[in-house]
Amino acid sequence: MKVTTEKVSRLLKGYHEEPRFLLHLLMDEQQKRPVNQKAIQAIKDELLLFDLLFDAVMSLKSSYKCFIIMRYLSGEKLSLRELSEHLECDASTLARWNRDAIKSITKFINEKLNRKDGDNYETDCQTESFL
């Protein structure tokens, strides 16, 4: 699986609602008979992306991390103008930070998904702890 910058943008924008929706969907699928393993795996794969997204954000340099958390993860719908006032930074700088951070997050996620050492990232991050 390869993640694009567009996918990362959608994950960030849906960070507050999507994982909760996926967890409910997963519980519903697990209760169905017969169990649709393909659907369950697809949901788990999408949840894994949210785990990787969080890890990627936490790995960003401080200024980018602060910006991404405030813009996407805080739950507030702040515009670049509002963020620029709060962070005392030009909006064009924040637009560049956004672009650069999304590229870094995309690279991080793709590296984790394509690890060549045989380890399974899902085991490492304990995706099952969501359940």
Side-chain angles (χ1 to χ4, degrees):
M1 172 192 324
K2 181 151 171 67
V3 175
T4 64
T5 55
E6 291 81 16
K7 176 71 173 178
V8 169
S9 292
R10 284 192 308 273
L11 289 170
L12 284 167
K13 290 174 185 171
Y15 187 81
H16 279 282
E17 297 300 321
E18 191 70 16
R20 188 175 349 184
F21 169 77
L22 289 168
L23 288 170
H24 288 294
L25 188 60
L26 180 60
M27 289 186 292
D28 290 345
E29 283 296 327
Q30 289 175 331
Q31 293 174 359
K32 289 182 181 176
R33 297 292 179 247
V35 174
N36 183 342
Q37 290 299 330
K38 192 172 182 178
I40 288 173
Q41 189 57 51
I43 296 166
K44 286 183 177 183
D45 290 346
E46 194 71 13
L47 284 168
L48 173 61
L49 291 178
F50 282 101
D51 279 347
L52 290 169
L53 176 70
F54 183 80
D55 291 348
V57 169
M58 292 300 111
S59 75
L60 293 171
K61 69 181 192 176
S62 181
S63 57
Y64 289 9
K65 184 186 327 184
C66 180
F67 168 73
I68 292 294
I69 289 171
M70 289 179 72
R71 176 130 198 233
Y72 298 106
L73 308 186
S74 71
E76 295 183 39
K77 302 285 185 187
L78 299 173
S79 69
L80 281 180
R81 186 184 57 74
E82 292 169 322
L83 283 168
S84 71
E85 290 171 4
H86 183 72
L87 295 172
E88 298 177 358
C89 192
D90 189 58
S92 64
T93 300
L94 295 182
R96 181 177 45 82
W97 287 3
N98 190 66
R99 186 177 55 254
D100 292 348
I102 288 175
K103 285 180 185 176
S104 294
I105 291 167
T106 303
K107 181 180 177 192
F108 180 97
I109 291 173
N110 282 319
E111 286 174 357
K112 293 297 182 181
L113 290 173
N114 295 321
R115 286 180 10 170
K116 297 190 184 329
D117 61 10
D119 290 341
N120 183 342
Y121 188 80
E122 183 174 355
T123 303
D124 294 348
C125 67
Q126 298 298 317
T127 300
E128 296 299 324
S129 67
F130 278 120
L131 303 177

Can you name the nearest heavy-atom pair linking [X] to [Y], along with the distance?
X: K112; Y: L52; answer: CB-CD2, 3.6 Å
X: S59; Y: F108; answer: OG-CD1, 3.6 Å
X: A56; Y: I105; answer: CB-CG2, 3.8 Å

Has F54 got more than 12 heavy atoms of other residues, nucleotides or ligands less than 6.0 Å from its CZ? no
Using a 4.5 Å cut-off on heavy atoms from C-beta on, say whether the side chain of [Y] contacts that of [X].
X: R33; Y: V35; result: yes
X: K107; Y: E111; result: yes
X: L11; Y: E18; result: no
X: L80; Y: R71; result: yes
X: T106; Y: K7; result: no
X: W97; Y: C89; result: yes
X: L22; Y: F50; result: yes
X: L49; Y: L53; result: no

Test salt bridge (charged side-chain N to carboxylate O under 4.0 Å, His left out) applied to K32 - qualifying residues, sequence neighbours left out: E29
Only counting residues at least two apart or in another chain, list the ones meeting salt bridge (charged side-chain N to carboxylate O under 4.0 Å, His left out) with E82. none
Taking atom [atom1] of [X] and atom [atom2] of [Y], what is their separation to the nearest 0.5 Å?
X: R99; Y: Y64; atom1: CZ; atom2: OH; result: 9.0 Å
X: T5; Y: R10; atom1: OG1; atom2: CZ; result: 9.5 Å
X: E46; Y: Q41; atom1: CD; atom2: CD; result: 12.0 Å
X: F67; Y: S84; atom1: CZ; atom2: OG; result: 10.0 Å
X: L12; Y: N98; atom1: CG; atom2: CG; result: 8.0 Å
X: I40; Y: L25; atom1: CD1; atom2: CG; result: 9.5 Å

Given 3.5 Å as the limit, does a donor-acceptor pair link the side chain of K65 with the main chain of M58, or not? yes
Can you check whether H16's main-chain N or O pairs, donor with acceptor, with R20's side chain at less than 3.5 Å? yes
Regarding E85 and R81, does a basic nitrogen lie under 4.0 Å from an acidic carboxylate oxygen? yes
Only one of I68, I109, L60 forms a side-chain contact (heavy atoms from CB on, under 4.5 Å) with S104, so which one is it? L60
